[in-house]
Structure formats: C-alpha cells, structure tokens
Amino acid sequence: MTDGAAAFFDEMTAPDGSVRPAYADYCGWLANQDPAQLKRKGAEAEEFFRRTGITFNVYGQSDAEERLIPFDMLPRIVTAREWWKLSRGIEQRVRALNSFLADLYHRQDIIRAGRLPLRMVAQNAAFLPQMAGFTPPGGVYTHICGIDLVRTGDDCFMVLEDNVRTPSGVSYMLENRETMMAMFPELFTAVRVSEVSDYPRRLARSLAACLPAACEDPANPVIAVLTPGIYNSAYFEHAFLADQMGAELVEGHDLKVIDGRVAMRTTRGYKAVDVLYRRVDDDYLDPLTFREDSALGIAGIFDVYRAGGITIANAPGTGIADDKAIYSFMPEIVEFYTGEKPLLDNVPTWRCSEVDSLAYVLDNLADLVVKEVHGSGGYGMLIGPAASKKELAEFTAKLKARPDNYIAQPTLALSTVPVFTKAGLAPRHVDLRPFVLVSPERVEITPGGLTRVAMKEGSLVVNSSQGGGTKDTWVLDDD
Amino acid sequence: MLARSANSIFWMFRYLERTENIARLLDAGLRMALTRDAADAGAEWRSVIITLGLKERYEAKFGKAVTGGQAINFILRDRDNPGNVLAIVEAARTNARQVRAGITRELWEAVNEGWMQINQALARAVKEPTLGAALDTMRRHALLVRGAMDGTMLRNENFNFARIGTFIERADNTARILDVKYYVLLPSVSYVGSRLDNVQWETVLRSVSGERSYRWLNSGKMEAAGIAEFLILDGRFPRSLAFCYAKLHSNLAALAREYGTESGCHEVLRDSLSRLHTLTIKQIFNSGLHEFIGEFIGRNQTLAGQIERDYRFAE
C-alpha cells in the first residue's frame, strides 16, 4: 500500500511492512473498522468544519470564498519518548531565541564575540531599532512560538523554521482534536492520548505573567486579542482564541491611547488594556512608528509600550530571530546562550549572500529548495527537483540579482504518514508545528501541535495556502 | 463589553429578526395567492412590497403591476434590492463573525448553518410552488437560533443587546404591517361582516403569526378594534408593540443595573412605554390609527439611535 515510498521514512509502516510501535494501538483499532463507515465519517468531518466555520481565506484568489483546510482523519502519532526528546530540544531552542533577542536589542554580545556578523543584523529589515535598549515586561520577547519540525528518519527530527512573530495554526490543533473525539469517541478509550485542550487557559496564564508596570489590577488583568478583522485569513483563529481565553477580540479602531494607556472602547467608555496578544505584523502595529498608511494599528501604542503602559505579545522586533538568514546561525546561537550543544538539528542552509554558497547553489539549483529570507506561507519559493527549466532560469536570475534575499537548503526526504484516499491509505509528506508558550516562570509546550500534510502525491509543500491539509497530532501518554 | 461587539450583536439580532419577519410576510402573501383571485393576490404582494419599504425600487424595475413571482424573488434574492434576504442573512452572519468571541459556539453554529441552508434554498429563482419550502427553511433557522441563544447564552450585557436588537426590529415590523394595513382595520360600517374583511384581517394576523392566538383569545370573533388592540396593546402576544416594549424595558433595566446608571435611552423608553400603558384602543382610533403608528415608528427609531449613542456603538 505504500507504493513508491521506499525512499522516505514512513511513520506508520516500517520497510518490512510491520506497524511501528507508535501506531500499534491505532492500527489495531483501524483493522476492525468498516471502510464504508470511515468514508461516511470523512464527509461528517467536513460538514463539522463547515458548520463550525473553521475556514480560511486565501490571499490572491479573486473570489473571496471561504475555504476549508482539508482534514485527514488518520492521526499523526508520536510516542511519549520521542516527544520527551523533542520537547527538551524545543525548550532549549526557544530559551536561546529569547536570550538572543534580549542580547540583540541590548549589548549585542554575540556580535562582539564574533559569532554573528554585524551585517546580519545591521542590514536586516526585521531588526527594529525602536526596540533597542528596551526590555519588554517580564523580559519575554516570544510569548508564543511555533517551531516547525520535519522528520527524516527514525530518530531524526530537524527544525525547518522558527516562527516567533505571530505563528498561527493552534486553533487547528484544538479543533482537529475536537473533531476526532466527536467522530471516534471509542478510539480515545482504546488509545491514551495527551490532552491539548488546556492550551487557551495556559496561554491566558502565560500572558498574564508578563503584566506591564501600569497594570492596575494584576489579579484581573485585561487581555485582548488584536485582529486585522474578519477578512484576515486567520480570523477564525483570532476569534477562537479570544473566546476560549475569555479575552476581548479587538481591532485597531477599537483602541486609542488615553492617559498613557492603550484603551478599548467599551459600552461604558474607554478601558485600559494590559496585555495585547496582537495578530497583526510589526509594520502595521503603530502608524506613528512604523507604516504610516496602516489602518490596522493604534497610533501611539509604541510609546505607551516603551513607557510600561502595555504588554505586546509577541514583542515587536522578534522577526529578526526567525529570519531565514539568521536561521542558518541557530546552532551557534543555541550554543552561545545555553552553553550546550543544540539538541535539535538545523537543516543545512546555504546563505546566498556568501559568494561560495551562491556559486554552489547556482550549480546545484535543480536539487535544492530556495526560499526568500523574509518569505512565509510557501510563497515565493523554488523546489528544485519539481521545477521546470523556465522556473530554474527565473530563479537563477533572481539569485544573481539579489543573492542576499535568498537561502537554499537540500531537498529533504520528509517523512510520510498515510492519508485516507479514495483508493485506500496512501503516504503523504508531513511536517509538525508544536506550539510553545514562554513566560518568565516557564516554557510550556503543548503535547501535540499542528501536523500539516501535503495532500498531493509526492508533494513536499504542506502549506495550507498551497493546498496542504492537516491531521490531528497525538502524543501518546506514557504509562 | 467592547462597544463594537455590542453594535455587532445588536445588528446581528436585528437582521435575524428581519429575516424571520420577511418569511412571515411572504407566508401571508402566499396564503392569499393560493386562496384568492389574481387581483387580490397582486394587491397582497403589493402590500408586502410596501411594508418592506421596497415600493420605489420595485416599481423602478418592474413598473406598477405586482406579480407573485417577481415580488418573491425581488424580496428574497434580487441584487437590485440591497435588503434582499440573502443580503440580510449574510449581514447577520458577518455580524455574528464580528462578535464570535461574544456569543456561544452553539449560537454561532446555528447562525452559520442557517446561512448555508438559506443560501442553498435560495440559490435558484423561487416560484410560488417552491416558496413554502424556502420559507420553511428560514423559519426553522430562526427557531434554531433562538433555541441556541436561549439555551446557551449567559444572561449578561451581550444577551441584553441581542434582545434589544430583536425587539427594536420586531416592534418596527409589527408597526409597519399595521401601518400598511390600517385601512383594513379602520372601523367602517360598510365593511363590517363582509367576507373580504375577514380574509384581510386574517392576513394581517397571519403576517405576525397571530391568527391562532387571536382566535383563541377572542373565541374566533374577527373584529377590527379587537385585532388592532391585540397587535398594539396585548402584552401576552409576543409580537405586539406592548410585548416588544416590555422586553425592551426589562433588558434596558438590566443594563442600567449592570452599569449602575441610566442613560438617555431609558428616558426615551419611559415615554413610549407610558403611552402604551395608558392609551386605550378607543383613544388610539379616535386620534387616528395611522398617526399613532407613524409616531410610534419614529419614536422606535429615536430609541434605537439613542441606544447606539449611549453605548458608544460607533465613534
């Protein structure tokens, strides 16, 4: 059933056809299911998502139609032991990222020590000079992180990307589990799966641990989620999180700076906000400080922030840490701040800004994946092995014109997990985005995350904007 | 609560109520069309168009003559009518999305599901024979939303603003039906007892789903003053003006308690409420039913505007 997948590590089935331990209980259950019944469940799941309104809008599509992200019913399963190792590596990495940001916006020891070239920061648009010398409340920069992992072998997970600006997808982690539990309640008595439903409560607690100096009632802090509005592709998630946290869901025009605080317009007048979990980019946050034409932000919020009047999560300027060119330095960064060897590997990365690397990349373009340094969402990237001659030529020109705008990585042999197709189970490539919460007291990683799956046979692109789907992610409970 | 959320939930429920009211009006029109000759049916569809405030737009497109098929589709799904049902249902859902964090999941899903079903039911032109099924979908949707709301929403300010939106809209709707039909209800010796009268009166009641209740309360006696009294002053009937205002009163009072202070809207409400409490149907007829209704609609709008200002719906 895993035709042609021998070259890739399949997480469910070993090359000899046996089921790997993580999937043993699940497959035992699956063997007793009626295939026709399962097919009906698939339609049910789609209906469930439509009714719940878990939809997203795709940028650049002319019809503003709301689309569903395809959901595959076969869970992606990770053993407790695998998870334990992963979470240690993620925690180490996230701590290093926070220390790195604190350092970059203060003494810049890592540059002084010669471990990171100054130009990586000085010429980087993601570095915000306005943050220099400022320490955010609680010393936390990246309250919420999404660390993208890929797997290439039995014991081999690698970090593909660190998302420390406004990572999205956590609502799918939660809703996918809800859906699975609604469809297959008995399955959860047969297999013990770690809970994820606690995430919104932990998020609220984590945010409340970083209150600004001006907060008047620390026992009852006012938390608000800032959304660009209902036409944003992740609006569902913004509303979902606000709802689950019991926070207000605000837009820029609900907020105004009054008496040194950022206040929201309520039915009783203006009320100060203590923590703003913003889901708008840095550029749009404050038209006075950043983009003048931004209608999404709040004029003057940055001054209030610097004066201790509000906590912004994540802190402005975190983008410098998940920049793809900085990414290539992550092994050095982890080691510099933790004094330990990185527990999680980086994907080998060529910085096209470097002459030797560029030459190598141009020579081997057909075998590499090329990404824009500031890109995301799978836009503007080249997958060498899948590219046409014309696309390769176009990228060659782009690389030569602006080498510093690109990095290149080998085409990874991403692991596969089966999905349900009309013709039965078929392997598809996956990645994994666990969600990490950072507060002054702790780093918390929800056991699970968002598994994205390339729904097209052979495709390595898992982004929902490019037709990727999702799976429920199980971390098995260790008994 | 966030003022913008109050605005969204207020309008969400106005639009939901409006959808339901349109379904009722169409149902009454359909009934007429099925039981009477073409002239009567045309007159009834025409009064539906007038009640919905669509006379000018309709005539601009189709001329003076009103036919069932044209009227139905103009009201339900014609883009030349910006207040068509599809647009209203869309607006209700958009507002629900805006205030998604302030309503329960059950309520949101009921609204979202209704939006899907109504879109499906109205995807193609509706003819008189298929109108019943479409109206049924709209009515079921309203019941589902109401049930989800009643069973799951916290009784807090969100709930109060939802109810206020509902009853401002409902009062407006009942008043408009009365206004368009007031001549039917005018006590005139020559009309009394004629068959036409009875049918027309019944249509008025049917437009507010009140025919059964009225009969039950009045032993089936159809009488103009009785019907007008029932629709205006009978606090037991959930679509009467008195009922709507009792609900507006209790929900605005809840807001005043919660906020510890009254606002301008409480004053406006007290005025309207005392009129409904002290006037008799005889006094209303004596000083003119049409005048009374016109004034009521104006005051109702004033109240809505005052609520929007008092609670800072917009800036």
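Below, read A as the first sequence line, B as the second, and so on, with proteins coming before strands; counting in each chain starts at 1. Being a predicted model, the structure only gives us computed values, none of them experimental.
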A.B. asks: Name all pairs fulfilling the ring-ring contact (aromatic ring centres under 6.0 Å, His included) condition that reach into residues 242-277 of chain A, sequence neighbours left out, sorted by first residue then second.
C.D. replies: none
A.B. asks: Quick check on B:D310 against chain A: is it the side chain, the backbone, both or neither that has a heavy atom closer than 4.5 Å?
C.D. replies: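 For B:D310, the backbone is the part near chain A, not the side chain.
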A.B. asks: Does a side-chain heavy-atom distance below 4.5 Å link B:N112 with A:R50?
C.D. replies: no
A.B. asks: Let me know if A:V250 has heavy atoms under 4.5 Å from chain B in its side chain, its backbone, both or neither.
C.D. replies: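 For A:V250, backbone and side chain are both near chain B.
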A.B. asks: Please test A:T52 against B:R105 for side chain to side chain contact (heavy atoms under 4.5 Å, CB included), starting from the C-alpha separation and ending with a verdict.
C.D. replies: CA-CA 8 Å; A:T52 327; B:R105 181 179 185 133; 3.0 Å; yes
A.B. asks: For residues 236-250 of chain A, pull every pair meeting salt bridge (Lys or Arg N to Asp or Glu O under 4.0 Å), keeping only residues two or more places apart or in separate chains.
C.D. replies: A:E237-A:R279, A:D243-B:R100
A.B. asks: Would you mind checking which part of A:Q244 comes under 4.5 Å of any heavy atom in chain B, side chain (CB onward), backbone (N, CA, C, O), both or neither?
C.D. replies: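 For A:Q244, neither part sits under 4.5 Å from chain B.
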A.B. asks: Distance check, rounded to the nearest 0.5 Å: A:R51 atom CZ versus B:Q117 atom CD?
C.D. replies: 10.0 Å
A.B. asks: List the steps and the verdict of side chain to side chain contact (heavy atoms under 4.5 Å, CB included) for B:Q98 and A:E251.
C.D. replies: CA-CA 10 Å; B:Q98 293 272 12; A:E251 294 176 18; 3.2 Å; yes
A.B. asks: Sequence neighbours left out, what pairs pass salt bridge (Lys or Arg N to Asp or Glu O under 4.0 Å) with at least one residue falling in residues 248-261 of chain B?
C.D. replies: A:R268-B:E258
A.B. asks: Is B:M116 close to chain A through its backbone or its side chain, or both, or neither, when contacts mean heavy atoms under 4.5 Å?
C.D. replies: side chain
A.B. asks: Which residues from residues 198-211 of chain A are near chain B, with near meaning under 4.5 Å between non-hydrogen atoms?
C.D. replies: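 When heavy atoms of chain B are the reference, residues 198-211 of chain A contributes no residue within the under-4.5 Å range.
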